[in-house]
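Before any comments, here is the structure.
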Amino acid sequence: MTFTRLLFAALCCFALSGCNERDSKTPRGDYEPRVGDILFQSLPHNALVDAIEGASKSPYSHCGIVADKGGAWVVIEATGPVVVETRLDPWIYNGRGNRFAVYRFDEKYSPKIDAVVQAARKQLGKPYDIHYEFDDEKIYCSELIFKAFRDVTGEELGTIRKLGELDWKPHEAVIRQIERGGLPLERPMITPHDVSIAKQLQLHYRKGL
């Protein structure tokens, strides 16, 4: 099995593991969910996760948006192999040490939150993009949130950066393995970290991060 397939398989495991409740105690702490909350976490270590966190100099390697599904809290997320809705507690369990952070939109965006969530839901089933390209064929976690918000408001949620602007050099080997030897330093992307520091968001809750 190639290195890229191994990484992709690992990402699939993160999504599938959300199907199993691990115990009856909620991992949310004092967090009271609200539709439209943006959640960030650190995924279990692997080469790709370490590259995301290292290149962006942030503990955030994954993110999703909170929604209500039939009275249950879920997180819409782009993960391997496709965009899915994962129950909130299993989503938290999927992170390292059940640590997560919650960012909430400024109140002036409240009338548009439902539309942002619906825009994210339109991407359900779309393939995950391990190459982090900014097209519409496949999608990754922070791109999902960025585009859902942009489609509704016309605003950018965070700053789009080129790979070459990030701290990519310590992770060159894994980048080249994913890109089959290439090094796309001009590729634009939106990292979980850059979404988290968007001017439209405020830190609401943090558990361990």
Under 6.0 Å from the ring centre and within 45 degrees of the ring axis: does the NZ or CZ of K147 meet both conditions for the six-membered ring of F134? yes

So does E156 get a backbone contact from the side chain of Q200, meaning a donor-acceptor N/O pair under 3.5 Å? yes

So, E133 and R187, do they make that salt bridge, N to O below 4.0 Å? yes

By side-chain hydrogen bond (donor to acceptor under 3.5 Å, both in side chains) - contacts of K122 (at least two apart): none

Would a hydrophobic clustering, with Ile, Leu, Val, Met, Phe, Trp and Tyr connected at side-chain separations under 4.5 Å, put V35 with V195? yes

Side-chain ion pair, R104 and E32, N-O less than 4.0 Å: no

Return the set of residues passing side chain to side chain contact (heavy atoms under 4.5 Å, CB included) with D30 (not counting sequence neighbours), or none when no residue passes. Y205

Tell me whether I38 shares a hydrophobic cluster with V66, the cluster being built from Ile, Leu, Val, Met, Phe, Trp, Tyr side chains joined at under 4.5 Å. yes

Are the charged groups of K162 and E186 less than 4.0 angstrom apart, N to O? yes

Side chains of C141 and E77: closer than 4.5 Å at any heavy-atom pair? no

May I ask you to test the T153-F105 pair for a side-chain heavy-atom distance under 4.5 Å? no

Counterpart residues, side-chain hydrogen bond (donor to acceptor under 3.5 Å, both in side chains), relative to D50 (two or more places apart): H45

When you look at NZ of K207, are more than 12 heavy atoms from neighbouring residues, nucleotides or ligands closer to it than 6.0 Å? yes

Just jot down the side chain to side chain contact (heavy atoms under 4.5 Å, CB included) partners of S196, sequence neighbours excluded, or say none. F40, Y60, Y103, H193

Who passes side chain to side chain contact (heavy atoms under 4.5 Å, CB included) against L183, sequence neighbours left out? W168, E172, I175, R176, L185

Side chains of L43 and T79 in contact at under 4.5 Å (non-hydrogen atoms): no

Hits for side chain to side chain contact (heavy atoms under 4.5 Å, CB included) against A148, two or more places apart or cross-chain, chain-then-number order -> V116, A119, A120

Ionic contact status for K112 with E155, cut-off 4.0 Å: no

State plainly whether the residues K126 and E143 are in salt-bridge range, i.e. N to O under 4.0 Å. no

